[in-house]
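Below you'll find the structure, written out as structure tokens, and then a few comments.
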Amino acid sequence: MKLFLKIWRQKSAQDNGSMKDYTLDGVEGDMSFLEMLDVLNEELISKGEEPVEFDHDCREGICGMCSLQINGEPHGPDRLVTTCQLHMRKFNDGDTIVIEPFRAKAFPVIKDLVVDRSAFDRIQQAGGYVSVNTSGNTIDANAIPIEKEKADDAFNAATCIGCGACVAACKNASAMLFTSAKVSQYALLPQGRVEATDRVLNMVKQMDLEGFGNCTNTGACEVECPKGISLENIARLNREYLAASIKG
Amino acid sequence: MGVLDSKVPSGPLAEKWTKHKNEINLVNPANKRLIDIIVVGTGLAGGAAAATLAELGYNVKTFCYQDSPRRAHSIAAQGGINAAKNYQGDGDSPYRLFYDTVKGGDYRSREANVYRLAEESVNIIDQCVAQGVPFAREYGGLLDNRSFGGVLVSRTFYAKGQTGQQLLLGAYSAMNRQINRGKITPYNRHEMMDLVLVDGKARGIIARNLVTGEIERHAAHAVVLATGGYGNVFFLSTNAMGSNVMAAWRAHRKGAFFANPCFTQIHPTCIPVSGDHQSKLTLMSESLRNDGRIWVPKRKEDAEAIRAGKLKPTQLGEEERDYYLERRYPAFGNLVPRDVASRAAKERCDAGYGVNKTGEAVYLDFAAAIQRYGKEKALTSGLKNPDAATITKLGEEVIENKYGNLFQMYEKIVDENPYKTPMMIYPAVHYTMGGLWVDYNLMTTIPGCYSAGEANFSDHGANRLGASALMQGLADGYFVLPYTIGDYLSDDIRTGPISPDTDEFVKAEEEVKARLEKLMSGNGLHSVDHYHKKLGKIMWNKCGMARNEKDLKSAIKEISELRKDFWENVKIPGEINAKNQELEKAGRVADFLELGELFAKDALTRNESCGGHFREEYQTEEGEALRDDKNFTFVSAWEYKGEPKDAVLHKEELKYENIELKTRSYK
């Protein structure tokens with residue numbers, strides 16, 4: 001395959017970036033999208049140019065480090081995959097592919113396609129935990145039976161990888177899907193109920209402080225989420241938030 | 001004993017840990033506030049240790065090269081975590097877990113450490129459930145278990161195929177609680193470049209801010225290295241792209257002994273290599289061997305026809321298939337330990353029975369399980385006389401519920417539907433049992449420098465059993481290190497803050513800067529990946545699943561030449577004082593080029609086969625590993641003396657007081 005790539009290049013957070021054109025030949029369908037970029041970078045290095053920087057680590061769709069807005073979609077055209085699991089067989093010879101960083105005020109660009117998602121960490125720090133000590137002096141695990149359906153729902157919410165695709169997909173750059181996934185995981189479990197009120201208030205407050213937009217129920221986040229995190233979590237967050245505000 | 005003192009407490013095995021905890025020195029809560037600890041790496045071991053240390057009252061700084069602690073590669077662990085809970089009532093106990101682990105490790109691990117691990121395993125599950133980790137449950141609301149390789153009980157707790165993710169997010173949440181309290185200061189996108197010693201004690205690190213390129217000095221009373229394994233020395237492995245040995249290797253160069261570097265786990269069930277562009281390999285969880293059956297065609301002609309695309313695996317009948325693990329190991333069947341399963345796959349493929357284009361793949365087949373589950377489900381759903389299509393549909397649903405994300409991952413990568421046609425799998429580098437030598441307290445040979453999780457060597461001997469890495473990471477991090485480190489720090493309560501401005505720190509910083517400048521000043525002939533791939537090929541071909549004296553000797557020579565070439569000719573574009581991914585990679589590959597040589601040297605020295613270390617010269621008539629207990633029941637701990645070829649071997653004799661050394665048999 002021969003591809004025409006339009007890639008966002010930006011030297012640092014302070015610089016203005018711009019799109020640059022590249023042509024890449026010899027791309028195979030078995031390559032992942034990031035392996036395609038590896039090949040491009042090897043070419044750039046051999047020409048003495050700076051390679052394109054992008055975030056990536058596990059390359060098996062679980063660490064949440066890879067990102068990229070590909071032809072306008074976070075993680076590209078395939079569904080339920082991260083960019084590292086997107087394979088070039090989804091593209092055709094002669095295609096033009098536009099590659100940009102995730103765009104959001106709360107995710108400033110660091111370099112090229114690398115963005116700063118530390119806002120997500122700070123939302124978690126505001127309350128994404130159960131306040132138990134890690135000393136091991138707790139009750140036997142089976143002393144807390146949990147209905148299988150609820151445990152499964154909590155698990156499904158907990159599979160969020162924190163990649164930020166939901167924010168990049170949203171016209172408002174809202175982080176509601178991300179925040180609601182963590183709120184839901186704990187709201188569904190008895191261990192999490194104890195601090196439910198403070199958790200939802202604090203996490204939403206931090207989310208707003210970080211400059212994420214509001215949710216207008218468009219649902220683009222759910223469509224683009226590589227882990228299929230459900231919009232139901234946002235509904236649950238709204239219920240939790242309302243209840244907590246009244247209780248306040 | 002020499003210079004190595006394992007500090008294993010005296011007394012009966014089952015009482016050692018309790019006795020030790022009762023006898024070691026403690027630091028009182030008010031004094032803990034005066035003590036700083038650096039934790040490098042935020043996976044299960046580092047994240048858990050940081051959280052617990054902060055909770056105990058110490059001031060903690062964490063470092064990780066990723067953009068968030070949540071991204072550490074523990075997150076990719078799929079199948080599960082072992083614990084001797086005996087919830088299934090199948091006769092499990094800490095002793096049995098201990099025994100299985102020592103046997104699985106082919107009798108090359110330290111008894112007392114392994115027993116402690118088995119003892120603490122039960123606490124991990126309680127702890128994680130209390131934290132809200134959503135483990136899989138049965139309909140009655142209690143926790144579910146599955147089986148893993150090398151054992152005869154069901155003791156593996158899991159969260160679908162994302163157990164590592166859920167456990168890591170649990171540790172990350174515990175960290176977040178402490179970050180919120182101001183007890184942990186996280187330094188993300190930072191890489192440890194060197195360890196700083198003051199008066200022979202580890203007192204800090206030099207780190208590089210990966211965003212700005214700035215070199216920073218960080219001082220503390222103790223340093224914990226929980227930086228994972230070094231599987232990426234093979235270039236292709238199931239490790240994350242950034243996984244590296246730099247922190248451990250820098251400590252090694254400063255005096256920490258490196259133990260058993262050649263003990264590497266080649267995992268039997270990974271997605272086969274598809275081409276030269278490949279950047280990493282993807283694991284298919286060992287849990288799949290609960291239900292999947294491994295086979296190759298019985299006749300070579302059939303294998304050839306399959307490779308040529310003229311025959312489909314589903315066209316071969318039962319009698320035309322060779323379920324070679326079930327044939328060779330009837331007692332454990334498809335659930336033999338990883339080293340055994342990997343070698344058996346290699347044996348069949350080398351003999352010409354491989355089933356993909358390159359002949360380096362075997363089948364992992366779920367057809368039988370789909371039928372079995374389908375019939376069971378039809379029965380429990382009250383369906384009488386269900387037709388074949390219904391049974392298959394129901395069976396596929398059960399399999400999807402158990403392994404859905406793994407099947408999806410396979411389909412995305414290989415572009416084949418594993419519900420309809422068997423998966424193709426082949427062994428790949430996965431985990432390194434070797435690592436920094438530590439004593440019973442998890443302290444390296446440098447006072448004040450600790451190592452936890454995969455980065456140390458202690459618990460898995462020459463082969464790690466499935467679902468034991470998560471167990472060890474969390475046991476070290478939550479329950480062992482936070483207590484044993486107090487014994488050392490109790491001497492430091494009056495030391496006061498450690499200054500990062502002493503000569504030792506200044507000198508270490510200068511050395512780091514000089515090294516980076518040297519890397520940037522190469523002749524610019526080849527990229528970092530060019531060297532990394534070359535190193536990987538040498539390692540895989542000569543230090544991989546089967547090793548021999550001739551190959552190992554040539555590997556040593558080739559790696560040392562490659563290292564010289566690298567330092568002269570590596571090409572790194574970009575700037576030194578800015579974000580520069582090529583420079584990051586170069587620093588890591590530079591250390592792999594030293595470690596690789598020591599790895600080969602270690603394998604050459606160990607004239608026996610044990611666990612994942614298979615020397616072709618030492619095998620039984622049936623091709624099984626042949627240990628030499630008389631001469632090799634020891635840990636090889638290497639002391640740095642300049643070039644890897646000059647490294648000096650120290651031996652820690654392993655004493656088995658509670659388990660009789662036997663030939664491992666899974667037949």
Side-chain angles (χ1 to χ4, degrees), chain A residues 12 28 30-31 34-35 38-39 42 45-46 48-51 53 55-65 80-81 85 87 89 110-111 117-118 120-121 124-126 128-134 136 138-142 144-148 151 154-155 158-159 162 185-186 189 191-192, chain B residues 48 51-52 55 66-68 70-71 73 75-76 85 87 123 125-127 129-132 134 137-143 159-160 162 165-166 169 173-174 176-177 179-180 188 211 240-242 274-275 277-280 282 408-409 412-413 415 478-479 527 529 571 573-574 578-579 581-582:
Chain A
S12 70
E28 291 162 33
D30 282 343
M31 289 179 182
L34 298 183
E35 286 168 351
D38 289 344
V39 174
E42 283 296 299
I45 294 167
S46 71
E49 293 177 39
E50 264 203 67
E53 295 240 0
D55 266 332
H56 64 106
D57 203 24
C58 79
R59 294 209 178 184
E60 48 187 282
I62 193 75
C63 76
M65 188 103 173
L80 297 173
V81 291
Q85 287 187 300
H87 279 71
R89 63 178 81 95
I110 292 173
K111 185 177 181 182
R117 288 169 287 190
S118 52
F120 270 13
D121 281 328
Q124 300 283 11
Q125 286 154 19
Y129 47 79
V130 174
S131 299
V132 291
N133 280 352
T134 54
T138 175
I139 50 172
D140 184 82
N142 262 351
I144 317 172
I146 299 169
E147 199 185 318
K148 181 172 166 54
F155 168 79
T159 57
Q185 177 196 341
Y186 292 126
L189 298 172
Q191 303 94 306
Chain B
T52 307
E55 191 180 286
Q66 300 91 342
D67 71 336
S68 164
R70 67 178 292 156
R71 313 228 192 266
H73 200 53
I75 203 149
K85 276 287 199 185
Y87 281 163
N123 289 335
I125 303 303
D126 296 343
Q127 178 62 50
V129 167
Q131 276 171 359
R137 287 175 184 271
E138 295 169 343
Y139 282 98
L142 302 182
L143 294 163
K160 261 199 183 170
Q162 291 110 299
Q165 179 196 27
Q166 294 311 315
L169 293 182
S173 72
N176 281 335
R177 179 172 167 236
I179 293 171
N180 198 33
N188 306 336
V211 174
M241 299 301 286
S274 71
H277 52 77
Q278 191 114 13
S279 59
K280 78 150 269 157
T282 303
Q408 188 236 16
M409 207 191 283
K412 292 290 178 191
I413 294 173
D415 206 22
Y478 283 139
F479 304 127
S527 69
D529 275 3
K571 179 174 193 164
K579 182 147 181 40
Q581 286 182 350
E582 287 300 307

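Because the structure is a prediction, the values reported are computed rather than measured. In what follows, chains carry the letters A, B, and so on, assigned in the order in which the sequence lines appear, proteins first and then strands, with residues in each chain numbered from 1.
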Report task. Would you check if the side chain of B:Gln166 reaches a backbone N or O of A:Ala158 as a donor-acceptor pair within less than 3.5 Å? Result -> yes
**Report entry** Straight-line distance of B:Asn176 CG to A:Gln124 CD, nearest 0.5 Å
**Finding:** 6.0 Å
Query - Residue among A:Ala126, A:Ser46, A:Ser131 with most heavy-atom pairs under 4.5 Å to chain B - result: A:Ser131
**Report entry** Worked check of side chain to side chain contact (heavy atoms under 4.5 Å, CB included) between A:Glu50 and B:Gln581
**Finding:** CA-CA 10 Å; A:Glu50 264 203 67; B:Gln581 286 182 350; over 6 Å; no
Query - Side-chain heavy atoms of B:His73 within contact of A:Asp57, under 4.5 Å - result: no
Query raised in the report: Is it the side chain or the backbone of B:Gln278 that comes within 4.5 Å of chain A heavy atoms, both, or neither?
Result: both
Query raised in the report: For B:Ile179, is it the side chain, the backbone, both, or neither that has a heavy atom closer than 4.5 Å to a heavy atom of chain A?
Result: side chain
**Report entry** Any donor-acceptor N or O pair under 3.5 Å, side chains A:Thr138, B:Asp126
**Finding:** no
Query - Heavy-atom proximity to chain A below 4.5 Å, by part of B:Leu169 - result: side chain
Query - Test side chain to side chain donor-acceptor pair (under 3.5 Å) applied to A:Glu42 and B:Ser527, step by step - result: CA-CA 7 Å; A:Glu42 283 296 299; B:Ser527 69; 2.6 Å; yes
Query raised in the report: Which pair of non-hydrogen atoms, one from B:Thr282 and one from A:Glu60, has the smallest distance, and what is that distance?
Result: CG2-CB, 4.1 Å
Query raised in the report: Can you tell me how far the CE atom of B:Met241 sits from the SG atom of A:Cys63, to the nearest 0.5 Å?
Result: 11.0 Å
Report summary line: Bottom line for A:Asn142: the part with an atom under 4.5 Å from chain B's heavy atoms is both
**Report entry** Heavy-atom side-chain proximity of B:Tyr87 to A:Asp140 below 4.5 angstrom
**Finding:** yes
Query - From A:Arg59 atom CZ to B:Lys280 atom NZ, the distance as rounded to the nearest 0.5 Å - result: 9.5 Å
Query raised in the report: Where on B:Gln66 is there a heavy atom nearer than 4.5 Å to chain A: the side chain, the backbone, both, or neither?
Result: both
**Report entry** A:Ser118 side, atom OG; B:Asn188 side, atom CG - distance, nearest 0.5 Å
**Finding:** 8.0 Å
Requested in this report: Find the one option among A:Leu34, A:Val39, A:Ile144, A:Asp38 whose heavy-atom pairs under 4.5 Å with chain B are most numerous.
Outcome: A:Ile144
**Report entry** Most chain A-contacting option - heavy-atom pairs closer than 4.5 Å, from B:Gly132, B:Gly275, B:Gly140
**Finding:** B:Gly132
Query raised in the report: Is chain B contacted by the side chain of A:Leu80, its backbone, both, or neither, given a heavy-atom distance below 4.5 Å?
Result: both
Query raised in the report: What residues, two or more places apart in sequence or in another chain, satisfy side chain to side chain donor-acceptor pair (under 3.5 Å) together with B:Ser173?
Result: none
Report summary line: Those residues at least two apart in sequence (or on a different chain) that pass side-chain contact (heavy atoms from CB on, under 4.5 Å) with B:Lys160 are A:Phe155, B:Gln162, B:Asn401
Query raised in the report: Considering all heavy atoms of both residues, which atom of A:Pro51 and which atom of B:Pro573 are nearest to each other, and what is their separation?
Result: CD-CG, 3.8 Å
Query raised in the report: Among B:Ser274, B:Ala130, B:Ala76, who wins on heavy-atom pairs under 4.5 Å with chain A?
Result: B:Ala130
Report task. Go through the side-chain N and O atoms of A:Asn133 and B:Arg177 and say whether any donor and acceptor fall under 3.5 Å apart. Result -> yes
Report task. Please look at A:Ile110 and chain B and tell me whether the side chain, the backbone, both or neither of the residue comes under 4.5 angstrom of a heavy atom of that chain. Result -> side chain
Query - Which atoms of A:Glu28 approach chain B - backbone, side chain, both or neither, heavy atom under 4.5 Å - result: side chain
Report summary line: Distance col, row B:Lys412:NZ vs A:Arg89:CZ, nearest 0.5 angstrom, shows 9.5 Å
Report summary line: Counting heavy-atom pairs under 4.5 Å with chain B, the top scorer among A:Gln191, A:His56, A:Glu35, A:Glu53 is A:Glu53
Query raised in the report: Heavy-atom distance under 4.5 Å to chain B: side chain of A:Ser12, backbone, both or neither?
Result: neither
Report task. Taking B:Gln131 for its side chain and A:Val132 for its backbone only, find out whether a donor-acceptor pair lies under 3.5 Å. Result -> no
Query raised in the report: How long is the span from the CE atom in A:Met31 to the NE2 atom in B:His277, to the nearest 0.5 Å?
Result: 5.0 Å
Requested in this report: Begin with the C-alpha distance, continue with both residues' side-chain angles, and end with the deciding distance and a verdict on side chain to side chain contact (heavy atoms under 4.5 Å, CB included) for B:Glu582 and A:Ile45.
Outcome: CA-CA 9 Å; B:Glu582 287 300 307; A:Ile45 294 167; 3.4 Å; yes
Report summary line: If one checks every heavy atom of A:Leu189 against chain B at 4.5 Å, the contacting part turns out to be side chain
Requested in this report: Please flag which part of B:Phe479 lies under 4.5 Å from any non-hydrogen atom of chain A: side chain, backbone, both or neither.
Outcome: side chain
Query - Most contacts with chain A, counted as non-hydrogen pairs under 4.5 angstrom, among B:Ser68, B:Ala51, B:Ala174 - result: B:Ser68
**Report entry** B:Arg137 side chain to A:Pro145 backbone, donor-acceptor under 3.5 Å
**Finding:** no
